[in-house]
Engineer: 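Sharing a structure, written as structure tokens. Questions coming.
Side-chain atoms are counted along with the backbone in the values below, which use heavy atoms only and exclude waters and symmetry mates.
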Amino acid sequence: MTRPLASYKYYDFVMAAFVTVLLCSNLIGAAKAAQVTLPILGTVTFGAGVLFFPISYIFGDVLTEVYGYGRDRRVIWAGFGAVLFAAVMSVVVLALTPAADPFNTEYQTHLNAVFGNTPRIILGSVTAFWCGSFVNSYVLAKMKVAMEGRHLWMRTIGSTICGEFVDSSLFYVIAFYGIWSDSQLITVMVAQYVLKTSWEVIMTPVTYKVVAFLKRKENEDYYDKDTNFTPFQLKV
């Protein structure tokens, strides 16, 4: 018997952490193409937000593994709403006429430079995040049932490979096609996909510890055997 949603001690905290990471990674540094020089590989170009966005997928893995697809679905929709509100707020703030003084006139220029592409970034992020997150959660839930709960590392990495492929294929094309050159777009897209999936591999020991802690504390280890996997509902 699965307990009511409100009886979980840590579910709300995980949801809040997920939404925080999602918002920050999509608004801070999402438009910046950064470079780093690595041994053998040389100079690698990547989106600055990629350093932190994969953490949201780790939270997604933890939520599905411990609480099940239905509760992760609620978190995905919460993140969707938060990002959508950020988009609306950015459009309104940029549209407001700044006060007629040198500071605010210059500040408006900086805001336009940083957030001027926000509606398009948000469209790309919402689309990519929504599709990629549901693919990630679905694959992990199905693999857990098929593997009877064994090989957590295989499930988290496998689901991330699928989810991040969808995410990476959508976000940069929607957000930056026509703004960046085609070669830069492809370079950043490939680098993002490799870096994001690598993050999942590197963080696997941490994922194991968090999952074990939550399963023990929440007394929950959900298997999605009879779950309705439609993304278009909030019911658990």
Engineer: Consider side chain to side chain contact (heavy atoms under 4.5 Å, CB included). Of Leu63, Thr227, Thr64, which one does Tyr222 pass it with?
Structural biologist: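 Looking at Leu63, Thr227, Thr64, the match for Tyr222 under the side chain to side chain contact (heavy atoms under 4.5 Å, CB included) is Thr227.
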Engineer: Indicate whether any N or O donor in one side chain lies under 3.5 Å from an N or O acceptor in the other, for Glu220 and Tyr8.
Structural biologist: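 There is such a pair between these side chains.
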Engineer: Would you please name every residue forming a salt bridge (Lys or Arg N to Asp or Glu O under 4.0 Å) with Asp72, sequence neighbours left out?
Structural biologist: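 None.
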Engineer: Tell me, do Asp61 and Glu200 make a side-chain contact under 4.5 Å, heavy atoms counted?
Structural biologist: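 Side-chain contact under 4.5 Å: yes.
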Engineer: State, with a plain yes or no, whether a side-chain heavy atom of Ile157 is found less than 4.5 Å away from one of Thr197.
Structural biologist: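 When only atoms from C-beta onward are counted, Thr197 and Ile157 do not touch, as no gap falls below 4.5 Å.
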Engineer: Is the backbone of Phe229 close enough, under 3.5 Å, to the side chain of Tyr69 for a donor and an acceptor to pair up by distance?
Structural biologist: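 Indeed, once roles are kept as given, a pair shorter than 3.5 Å links the two residues.
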Engineer: Using atom types as modelled and distance alone, determine if a side-chain donor or acceptor of Ser137 lies under 3.5 Å from a backbone N or O of Ser133.
Structural biologist: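 The answer is no, because no donor-acceptor pair under 3.5 Å joins these two groups.
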Engineer: Answer yes if the side chains of Glu218 and Tyr11 hold a donor-acceptor pair under 3.5 Å, and no otherwise.
Structural biologist: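 No, no side-chain donor-acceptor pair sits under 3.5 Å.
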Engineer: Does atom OH (Tyr107) have a neighbourhood of more than 12 heavy atoms from anything else shown, all under 6.0 Å?
Structural biologist: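 For Tyr107, atom OH is not crowded (no more than 12 foreign heavy atoms under 6.0 Å).
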Engineer: Can you tell me how the ring of Phe13 sits relative to the ring of Tyr10, calling it parallel under 30°, perpendicular over 60° and tilted otherwise?
Structural biologist: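 Tilted: the ring planes of Phe13 and Tyr10 meet at 30° to 60°.
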Engineer: My understanding is that only residues two or more places apart in sequence, or in another chain, count here; which of them pass side-chain hydrogen bond (donor to acceptor under 3.5 Å, both in side chains) with Asp101?
Structural biologist: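 So Asp101 forms a side-chain hydrogen bond (donor to acceptor under 3.5 Å, both in side chains) with Asn104.
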Engineer: Does any N or O in the side chain of Trp199 come within less than 3.5 Å of the main-chain N or O of Phe52, such that one atom is a donor and the other an acceptor?
Structural biologist: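 It does not hold such a pair.
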Engineer: Does the plane of the ring in Phe232 sit parallel, tilted or perpendicular to the ring in Trp130? Use 30° and 60° as the thresholds.
Structural biologist: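 If you compare the ring of Phe232 with that of Trp130, the planes turn out tilted.
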